[in-house]
K.L.:
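I'd like to ask you about the structure that follows.
Values below: all heavy atoms of this structure, side chains included; hydrogens, waters and symmetry mates excluded. Both counts, for ligands and for their atoms, begin at 1 and track the order of listing. In this chain, residues are counted from 1 in sequence order.
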Amino acid sequence: MALSTPEHPEKGSSQLNEEHQLPRPPPPPQSQTSLPYPDSCLSYWHRTTRTFPYLNHNQTNAVPSSAQYVVIGSGIAGALTAFKLLEAGINPKELLILEAREAVSGSSGRNAGHVRPDAFRGFSGYAAAHGVEQALKIVDNENAVADLVAKFVHEHDIPCDFSPKPTFDVNITQEMADDEETNVKEFVAAGGSLDGVKSYKGDEAKKRTGVRDALTAWEWPAASIHPAKLTQWMLSSVIERGCKFWTHCPSTAITRGKGDKWNVHTPQGIISAERIVHCTNAYAGVLLPQLDASLLTPIRIQVHSIIPNAAFSGSQALKSTMALRYGAMHFYALIQMPNDGMIIFGVAKATGITFDESSYKSEIVDEAVQMFGDLFPGAKEPAEKHGEGLDHAWTGLIAITHDKVPYVGPIDDLPGQYICAGFNGHGMAGIFKCAPGVVSLMLGETWEDTKLPECFQYSHERLLRGQMKW
Ligand SMILES: Cc1cc2nc3c(=O)[nH]c(=O)nc-3n(C[C@H](O)[C@H](O)[C@H](O)COP(=O)(O)OP(=O)(O)OC[C@H]3O[C@@H](n4cnc5c(N)ncnc54)[C@H](O)[C@@H]3O)c2cc1C
């Protein structure tokens, strides 16, 4: 595909700040934490939902002096936690959601739009970190979660461009093809099921995927989604039932209050709360300093939106999603939106530890444009039309935990505080079981009741094991 790169952004224009154009804080040492940067850039998902009525809700108002439940963060984890609390019968007036920037300004509004369970691929890594039994539970959990997202969207008829379709893991290098084969063998030997998974080699892999250099491809069911529309729908639903929502209102500290209450400090006042849920993704360390960047590492990923040419338009639009793998830490994520045909192409290559979601790297834009053409040579023809090609580039943070799985549950020594964060770049799949799990725990149920893998449970002891690795 002939892709046009955007003009370099001008000062004051609505385009992105290129990384080298504005002074930026230095990258954080591993002990550093940060509040969200207020000037984070807009993603394709943000740019297509600017009329969300609660985008800047209560921006300049003082916060209420008390709320029984405070959820910090308005991403999928925060929004779904609030939704499930109301479903469990909590009085909406006693529930307050705090968001540091505009609504859904974190990763839930800047990801690659994939709802893609890890059908088996992460098994060996999970087994090395947590043992075979837990690894099997993690993979089972992934598959269950994908169904939960579909069920939730259909049950509530949520207009979020949800589109179930097959996904391909496409291996472009022999190293990745061998790695996937080994993973599958270990998964099956441990008793894992490959129901619904298909595999292709050589020419068949190329034909099925359309990828010129595909060596092998593995296929299973997945979906694409507009993640901001989904999250905004959940926020609207709880706000319209009476839940309070404050945007541009970061929680800057939590201190002990009267009795067993906590004081949640914000620039707009202090809220006395009984229960707090930290749904703050890579930023959790600001309020929970034990989760510094060595145990919850903010890695920045860059994504691109591309207006397709004829090769991916009309009846030629992609019927599947893909992860295109060159190396363990170097792959590309690809989906095409069902409504406007926009191609979303993520360069899943770590670009450093940072809390900065405000800029992008032009060399990664160049790489994305080049790689897209290399992967799908047909997409280079016919010659470029004005309006086709690169639309936008943005960045977001994935929150990596030291042992590959999220932190979920009560926080030791801080009674009444809970966490649901650290989804390792995979939250669209994971959060739909973790957030309901946290709600069950808050309401007095046991870990067993949550049906989550035990290794997801937050504990200081788990953090200590992680610290020993550094
Ligand atoms: C580029 C990219 C691509 C990705 N692609 C995929 C994908 O295709 N599929 C998939 O499954 N996952 C993907 N992910 C991961 C997925 O987006 C995340 O796992 C998920 O969105 C995390 O949701 P969350 O609610 O935990 O965090 P967020 O959506 O980041 O929400 C946290 C919110 O908390 C707010 N906040 C933080 N600190 C404070 C504070 N002190 N006070 C008030 N508010 C605060 C933030 O501003 C933010 O809005 C991707 C992530 C990125 C960055």
Side-chain angles (χ1 to χ4, degrees), residues 33-38 40 43-46 70-82 96-118 142 145-146 149 167 222-225 227-228 230-231 234-235 246-254 264-267 276-288 296 298-304 321 323 333-335 344-351 355 357 360 393-401 406-408 419-432 434-435:
T33 59
S34 171
L35 279 171
Y37 280 35
S40 55
S43 68
Y44 160 75
W45 317 113
H46 293 133
V70 170
V71 172
I72 310 177
S74 72
I76 299 182
L80 187 59
T81 298
L96 168 65
I97 306 173
L98 288 179
E99 168 52 54
R101 304 173 288 195
E102 67 174 43
V104 203
S105 46
S107 303
S108 304
R110 45 185 78 247
N111 65 38
H114 238 152
V115 180
R116 188 174 198 266
D118 183 346
E142 290 275 327
V145 166
V149 179
T167 190
S224 63
I225 197 165
L230 171 67
T231 317
M234 290 192 274
L235 288 174
W246 253 254
T247 61
H248 303 274
C249 187
S251 167
T252 49
I254 298 175
V264 182
H265 298 250
T266 79
I276 296 169
V277 195
H278 297 255
C279 298
T280 42
N281 196 14
Y283 301 101
V286 169
L287 301 172
L288 300 169
L296 189 64
I299 301 281
R300 194 169 87 161
I301 303 290
Q302 187 163 315
V303 187
H304 310 83
T321 76
L334 173 66
I335 65 165
I344 308 293
F345 193 58
V347 178
K349 179 163 128 187
T351 61
F355 290 98
E357 296 170 306
Y360 71 101
W394 68 92
T395 50
L397 302 182
I398 56 171
I400 303 290
T401 61
Y407 297 126
V408 179
I419 185 165
C420 183
F423 291 94
N424 293 277
H426 208 52
M428 298 298 300
I431 290 169
F432 267 76
C434 292

K.L.:
For A282, which part has a heavy atom under 4.0 Å from ligand 1: side chain, backbone, both, or neither?
P.N.:
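For A282, there is no contact with ligand 1 at all, from either part.
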
K.L.:
Give the numbers and elements of all ligand 1 atoms closer than 4.0 Å to a heavy atom of R110.
P.N.:
1 (C), 2 (C)

K.L.:
Does the side chain of I344 reach to within under 4.5 Å of the side chain of Y44, using non-hydrogen atoms?
P.N.:
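Yes, their side chains come closer than 4.5 Å.
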
K.L.:
Considering only heavy atoms of P250, which atoms of ligand 1 have at least one such atom less than 4.0 Å away?
P.N.:
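Near P250, the atoms of ligand 1 are 42 (N), 43 (C).
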
K.L.:
Can you name the nearest heavy-atom pair linking P298 to A282, along with the distance?
P.N.:
CB-CB, 3.9 Å

K.L.:
With nothing but distance in play, are any N or O atoms of G78 less than 3.5 Å from an N or O of ligand 1?
P.N.:
no

K.L.:
What part of P36, side chain, backbone, both or neither, has a heavy atom within less than 4.0 angstrom of ligand 1?
P.N.:
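Under 4.0 Å from ligand 1, P36 contributes side-chain atoms alone.
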
K.L.:
What is the nearest protein non-hydrogen atom to atom 42 (N) of ligand 1, stated with its residue, atom name and distance?
P.N.:
S251 N, 2.9 Å

K.L.:
Is there a nitrogen or oxygen of L287 sitting under 3.5 Å from a nitrogen or oxygen of ligand 1?
P.N.:
no

K.L.:
Show your working on side-chain hydrogen bond (donor to acceptor under 3.5 Å, both in side chains) between E102 and H46 and close with a plain yes or no.
P.N.:
CA-CA 10 Å; E102 67 174 43; H46 293 133; 4.6 Å; no

K.L.:
Report yes if F423 has an N/O atom closer than 3.5 Å to an N/O atom of ligand 1; otherwise report no.
P.N.:
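Between F423 and ligand 1 (N or O atoms, distance only) the closest approach is not under 3.5 Å.
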
K.L.:
Tell me: protein heavy atom nearest atom 19 (O) of ligand 1, and distance?
P.N.:
G427 N, 2.9 Å

K.L.:
Give the atom numbers and elements of ligand 1 that come within less than 4.0 Å of a heavy atom of G75.
P.N.:
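Answer, ordered by atom number: 25 (O), 29 (O), 31 (O).
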
K.L.:
Please determine if A77 has a nitrogen or oxygen closer than 3.5 Å to a nitrogen or oxygen of ligand 1.
P.N.:
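There is such a contact, yes.
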
K.L.:
For the pair R110 and E357, find out whether any cationic side-chain nitrogen is under 4.0 Å from an anionic carboxylate oxygen.
P.N.:
yes

K.L.:
I want to know if ligand 1 touches Y283 in the polar sense, i.e. an N/O pair below 3.5 angstrom.
P.N.:
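No - when backbone and side-chain N and O of Y283 are compared with those of ligand 1, no distance drops under 3.5 Å.
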
K.L.:
I need the nearest protein heavy-atom contact for atom 2 (C) of ligand 1: residue, atom name and distance, please.
P.N.:
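Scanning the protein heavy atoms, the shortest distance from atom 2 (C) of ligand 1 goes to N111 CA, 3.6 Å.
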
K.L.:
Check whether any heavy atom of A333 sits under 4.0 Å from an atom of ligand 1.
P.N.:
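The answer is no: ligand 1 sits nowhere under 4.0 Å from a heavy atom of A333.
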
K.L.:
Students should be able to answer this: which protein heavy-atom is nearest to atom 52 (C) of ligand 1, and at what distance?
P.N.:
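Minimum-distance protein heavy atom for atom 52 (C) of ligand 1 reads I398 CG2, 3.6 Å.
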
K.L.:
Out of all atoms in ligand 1, which are within 4.0 Å of some heavy atom of L397? Include the element for each.
P.N.:
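Matching atoms, with element in brackets: 53 (C).
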
K.L.:
Under a 4.5 Å cut-off applied to non-hydrogen side-chain atoms, are W246 and L96 in contact?
P.N.:
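They are in contact (side-chain heavy atoms under 4.5 Å apart), so the answer is yes.
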
K.L.:
Compute the centroid of each ring, for Y37 and then for F355, and state whether the two points are separated by less than 6.0 Å.
P.N.:
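That pair fails the under 6.0 Å test.
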
K.L.:
Of all the atoms in ligand 1, which lie at a distance below 4.0 Å from a heavy atom belonging to R101?
P.N.:
46 (C), 47 (O)

K.L.:
What do you reckon, does A100 have a nitrogen or oxygen under 3.5 Å from a nitrogen or oxygen of ligand 1?
P.N.:
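N/O-N/O distance under 3.5 Å: yes.
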
K.L.:
With nothing but distance in play, are any N or O atoms of I76 less than 3.5 Å from an N or O of ligand 1?
P.N.:
yes

K.L.:
Atom 9 (N) of ligand 1: which protein heavy atom is closest, and how many Å away?
P.N.:
H114 O, 2.8 Å

K.L.:
Suppose I only count heavy atoms of G106 and a 4.0 Å limit; which atoms of ligand 1 are within that range?
P.N.:
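Those qualifying, in numeric order: 29 (O), 30 (O), 48 (C), 49 (O).
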
